[in-house]
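All remarks here apply to the structure that follows.
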Amino acid sequence: MTLNTLLQPSYITDTISPLTTAACRLFYNILPGQDPDLIFPERPELVQALFELCNSDDNTVRFYAYGLLGTALELTVIATNFRNLSDPLVVPSLNILHDFKNRTIQASTQVTEEPTERLFAQFARKSTENSLESCGDSAESQANTSKTFLAPQPVGSKRPASPNIITPEKRTRLQVSTSASNLSEHQSSIGPDETSNSSWAEISPYLFGTYELHPLTDNMRQRLMLQFLTPLAEYKELLSTFLEHQSLQLILHYLDVKLTKDIRLSFEGLKFLSGLLCHRRFAIEFVQNGGLQKLLQIPRPSVATAAVSMCLYYIACSKDAFERVGYFYTPNLLTLKF
């Protein structure tokens, strides 16, 4: 199937059907490799159909349409011609994101703080027990040897061999023990969390994130919604709407990677933030509400690092906001160095 065939009105229409859902999902997957300037301006009926799908009750195709419109609205021609359709969707989009945020916070408070059993933990316990037993045996044998060596010897008996004399057998044991101690020191420097396969599965969402378009997850729904709002954040006419519906609290929530547990979701929140930082008023409120500390807490290196640099650039471009950065203590300013 070619792209022209996929974009025919018979596939992506304002009618909800499994074919429309599959076509929107396929279109979203192949869109990063295409030129939007050659797709959307020549097909206004396609953009119109996507706006109609945004108002549908289907929770799958609706978010696909939001994600596709996020790419289309980056074009000035589309954003200008369809301004009457995009502006009314801002408030419902923010309300949906606030619902997701409240649901995430509620779920995080209900999670019990019980220690989780790691994979292969029994092997670590066995190796620890064996090492402790070997240490105890070696200490006991060393004590017995010292007692035998220091004990008074009867006249005419042969004195035992000095323990300082290294025999070939003892040399082999020393080489093995030295290698084992070096390996244990290397593992301790890395940390137990980074030497097991289970820990990598835990830290991967904080470094690379997740991507699951089918079935659609809640994190992916929020990412698609943020992609729709990002090109609209730069418009001065919508600033009062974003401020009225607490977009700052929403962004501060997405900057908390430990709460979102997905660095790509935080990355989309940072892109949305970079658009809002173009406004002097929002930049000042962001700095005054501790947003700079939140930015510095983003894991480095990670997918969202580039977006953090972009947000710092927009803060530096605002003279009033950057003056307020100087009010922070020196330790916070020192962490600005990447």
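- No donor-acceptor pair under 3.5 Å is formed between the side chain of E268 and the backbone N or O of R264.
- With a 4.5 Å cut-off on side-chain heavy atoms, L89 and F51 count as touching.
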Check the pair F63 / M220 against side-chain contact (heavy atoms from CB on, under 4.5 Å), numbers first and verdict last.
-> CA-CA 9 Å; F63 287 97; M220 197 65 193; over 6 Å; no
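- The two residues L252 and N289 have their closest heavy-atom pair at CD1-O, 4.2 Å.
- Checking each of T60, D58, N59 against R62 for a side chain to side chain donor-acceptor pair (under 3.5 Å) leaves exactly one that passes, namely N59.
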May I have the step-by-step check of side-chain contact (heavy atoms from CB on, under 4.5 Å) for H245 and T241, ending in yes or no?
-> CA-CA 6 Å; H245 290 81; T241 303; 4.0 Å; yes
Kindly determine whether L312 and L292 satisfy side-chain contact (heavy atoms from CB on, under 4.5 Å), including the steps that lead there.
-> CA-CA 8 Å; L312 292 176; L292 185 61; 3.6 Å; yes
Using the side-chain contact (heavy atoms from CB on, under 4.5 Å) rule, take I39 and T71 through it: C-alpha gap first, then chi angles, then the decisive distance, then the call.
-> CA-CA 11 Å; I39 297 176; T71 304; over 6 Å; no
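- With contacts defined as side-chain heavy-atom distances shorter than 4.5 Å, the pair L97/K101 does not qualify.
- Scanning for side-chain hydrogen bond (donor to acceptor under 3.5 Å, both in side chains) contacts around Y313 gives an empty result, with sequence neighbours left out.
- The six-membered or imidazole ring of Y254 lies away from that of F100, with a centre-to-centre distance of 6.0 Å or more.
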Please assess R281 against E285 for the test salt bridge (charged side-chain N to carboxylate O under 4.0 Å, His left out), listing each intermediate value before the final yes or no.
-> CA-CA 6 Å; R281 180 182 175 184; E285 291 191 6; 3.7 Å; yes
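- More than 12 heavy-atom neighbours from other residues, nucleotides or ligands sit within 6.0 angstrom of CG on N95.
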Does the pair F242 and F272 meet the rule for a ring-ring contact (aromatic ring centres under 6.0 Å, His included), with working shown?
-> CA-CA 11 Å; F242 287 121; F272 180 42; 5.5 Å; yes
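- With a 4.5 Å cut-off on side-chain heavy atoms, C24 and L68 count as touching.
- The side-chain heavy atoms of L46 and F27, taken from C-beta on, include a pair separated by under 4.5 Å.
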